[in-house]
Amino acid sequence: MARMLRSVLHNAFSKPATRPFPEAPRAAFEKARGLVTFDCTDCRFCGACALKCPTGAIRVVREERKILFEPFKCIVCGACLEACRFGSVQMGPERRKPVYEKPVEVYTKPEADKPATPQDRNE
Amino acid sequence: MSVLGEVSGIARIEDAPLESLLDALRAYRQRQARFITASCLDRGDRFEILYLFDEDLRTVAVRTLLPKGAKLPSATGVYLCAFLVENELQDLFGIEVEGLHIDYSGKFLVTDTFDAPPLLKQTACELQLPKENPS
Amino acid sequence: MSEGTSVPFGPQHPVLPEPIQLRISLEDENVVQALPALGYVHRGIEKAGELNDFQQNVFLVERVCGICSSIHALAYCLAVEAVLGLEAPKRASYLRVVWMELHRIHSHLLYLGLLAEAFGFESLFMEFWRVRERVMDLLEMTAGNRVIISVCTIGGVRRDIDAEQARAIREELPKLRDEARRLVDSLLSDYTVRQRTVGKGTIPAALALELGAVGPTLRGSGVAQDMRMAGYAAYGELEFRPVTFPDGDTYSRTAVRAEEVFQSIDLVLAALDNLPEGDLKVGFKGRPEGAALARVEAPRGELIYMVVGNGTKNLERMRVRVPTYANIPALLTVLPGCEFADVPVVTLSIDPCISCTER
């Protein structure tokens with residue numbers, strides 16, 4: 001009886017283990033794998049990220065100096081992050097929000113007038 | 001083509017010709033080795049089939065070479081639990097297994113729509129990765 | 001046979017969220033025969049493993065299973081490392097143990113919850129999953145993802161556990177152990193649970209060995225065989241004794257898993273205490289040539305990867321043998337003789353993972 005009373009009181013007065021999800025989503029962990037974004041300021045368009053991507057979510061068009069990224073093919077493994085030598089790929093802790101369409105994100109260099117040099121190629 | 005040499009993780013590979021394969025398996029059964037699985041490799045004109053056993057946490061293997069088109073005698077008479085993997089060999093490699101106790105006749109994993117055994121080397125399979133820029 | 005009734009159990013059944021069909025022949029209420037039908041969701045991952053780059057395969061094999069995913073990656077990495085002649089650094093081996101055991105804890109808690117749900121004990125199911133959620137939080141905190149944590153890579157691990165995170169794990173796990181102990185005690189000592197599980201689906205030890213059963217199914221029959229005894233990763237340096245229960249019935253198998261939760265908690269804590277300093281991974285050059293076989297202990301039993309490389313970036317063959325595949329023959333053998341009402345519980349007692357089986 002005393003054990004039951006303890007459980008009853010505990011259940012009556014403690015907070016639920018669940019969260020009111022859509023109103024109060026949990027804050028992401030610091031090291032969680034979330035949004036992958038590209039910052040093309042230092043990018044040489046070498047294509048290492050596209051080569052390492054296991055799902056083919058990244059395409060690098062050297063001639064047009066463009067990165068095409070399909071976020072809904074991405075499995076957030078972080079292989080591109082490790083492959084990039086210029087720190088152009090970032091991963092934040094927030095998760096991607098659900099959407100109605102699956103867009104292709106296009107990233108270009110901010111000042112797109114400097115020509116790429118041949119020794120930038122990563123073979 | 002060659003066969004596997006030393007395999008790291010397998011303590012010993014015993015070669016058994018097709019005729020005496022079941023005798024070799026029976027010897028393992030008598031020693032109460034636990035049957036793990038069979039594994040098949042497509043070696044061009046023949047298959048290399050490894051039957052893996054566990055003996056006190058060591059892995060031992062019996063190897064047989066099966067010419068393509070020949071029938072494989074079923075191990076289900078010795079180890080009943082081999083029926084799953086032998087049905088899989090039928091489906092994925094197109095090997096005909098003779099005397100299988102529970103026979104799904106090639107419809108265990110694959111359906112009628114498959115035109116070739118998928119794990120054969122000659123069965124072409126294109127990776128569907130985007131190559132060119134569509135925009 | 002012609003006199004009896006034939007009942008399809010699955011491919012859609014409330015107790016199993018995954019598609020496997022057991023064609024069950026009944027006489028009155030008793031099962032006389034059970035035959036499996038697989039292949040509803042076969043994905044051809046073995047073939048895909050031959051077509052992909054061997055480094056990208058790590059991400060592929062993680063998706064073989066939705067519960068023990070990182071253990072698949074570990075087995076694959078161990079096999080490829082053996083082919084390449086690499087040895088993972090000490091710190092990486094210990095970190096692997098931490099993550100693998102966290103995975104085992106959440107997988108076993110999932111099973112215990114599902115078992116409680118299978119005989120209608122819904123509140124216990126929710127309690128188990130509430131505790132499990134905290135293990136998932138630990139995984140997300142340390143590795144960044146809840147299930148598919150992608151920590152193993154060829155030659156080591158990709159993430160580190162820093163002092164802050166280690167402290168959080170050390171604080172959380174003893175609390176979790178107390179809560180899980182309370183739940184496990186109420187599961188294993190409950191009258192209804194005992195009525196539904198004791199003596200149901202009994203597999204004697206000799207039969208289990210003959211049918212090639214693995215993991216908790218084998219240890220629930222009193223055979224002390226656990227691949228962790230072979231000492232891969234850092235298991236050889238940690239104190240470890242396999243959990244066995246002698247009876248071979250559904251109750252024994254459940255008790256093995258329940259005790260393994262606590263054993264895994266101890267292993268995580270021991271691995272964190274002995275965590276050496278050092279590199280996280282070793283670099284490598286070259287492509288795999290030769291063959292290797294790796295056997296590891298997944299939550300459901302022994303998992304085997306065989307990798308055959310031919311000196312190119314694609315593998316010649318990637319063979320995966322998953323634990324559920326080895327446990328299905330044992331399940332089919334014990335089902336005849338059961339009552340039909342016990343089929344869901346007995347089926348669940350081998351903890352079938354169809355997503356593994358349909359690799």
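Proteins get letters first, then strands, A, B, ... in listed order; numbering begins at 1 in each.
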Counting only non-hydrogen atoms closer than 4.5 Å, does [X] touch chain C with its backbone (N, CA, C, O), its side chain (CB onward), both, or neither?
| X | result |
| --- | --- |
| B:F53 | neither |
| B:A61 | neither |
| B:F35 | backbone |
| B:R29 | side chain |

Can you measure from SG (B:C40) to CD (C:E46) and round to the nearest 0.5 angstrom? 10.5 Å

First locate atom CG of C:L332, then atom SG of B:C81, and finally report the distance between them rounded to the nearest 0.5 Å. 11.0 Å

Minimum side-chain heavy-atom gap C:E316-B:L41 below 4.5 Å: yes

Take atom [atom1] of [X] as the centre, draw a 6.0 Å sphere, and report whether it contains more than 12 heavy atoms from other residues, nucleotides or ligands.
| X | atom1 | answer |
| --- | --- | --- |
| C:E87 | CD | no |
| C:R241 | CZ | no |
| C:Q55 | CD | yes |
| B:D56 | CG | no |
| B:K68 | NZ | yes |
| B:Q32 | CD | no |

Select one option (side chain, backbone, both, neither) describing which atoms of [X] are under 4.5 Å from chain B's heavy atoms.
| X | answer |
| --- | --- |
| C:V307 | neither |
| C:Y325 | both |
| C:L78 | neither |
| C:A213 | backbone |

Show the nearest heavy-atom pair for residues C:D226 and B:L57, with the distance to one decimal. O-CD2, 4.0 Å

Comparing B:I36, B:L80, B:V85, B:N87 against chain C, the one with the most heavy-atom pairs below 4.5 Å turns out to be B:I36

Which of B:D54, B:I10, B:D91 touches chain C most, by non-hydrogen pairs under 4.5 Å: B:D54

Indicate whether the side chain of C:R319 and that of B:T37 have a donor and an acceptor atom separated by less than 3.5 Å. yes

Sort out for me which of [options] touches chain B most, counting heavy-atom pairs under 4.5 Å.
| options | value |
| --- | --- |
| C:V83, C:L211, C:L38, C:L35 | C:L38 |
| C:M229, C:R295, C:R321, C:E210 | C:R295 |
| C:G39, C:A82, C:P329, C:A291 | C:A291 |

C:E302/B:R34 salt bridge by N-O under 4.0 Å criterion: yes

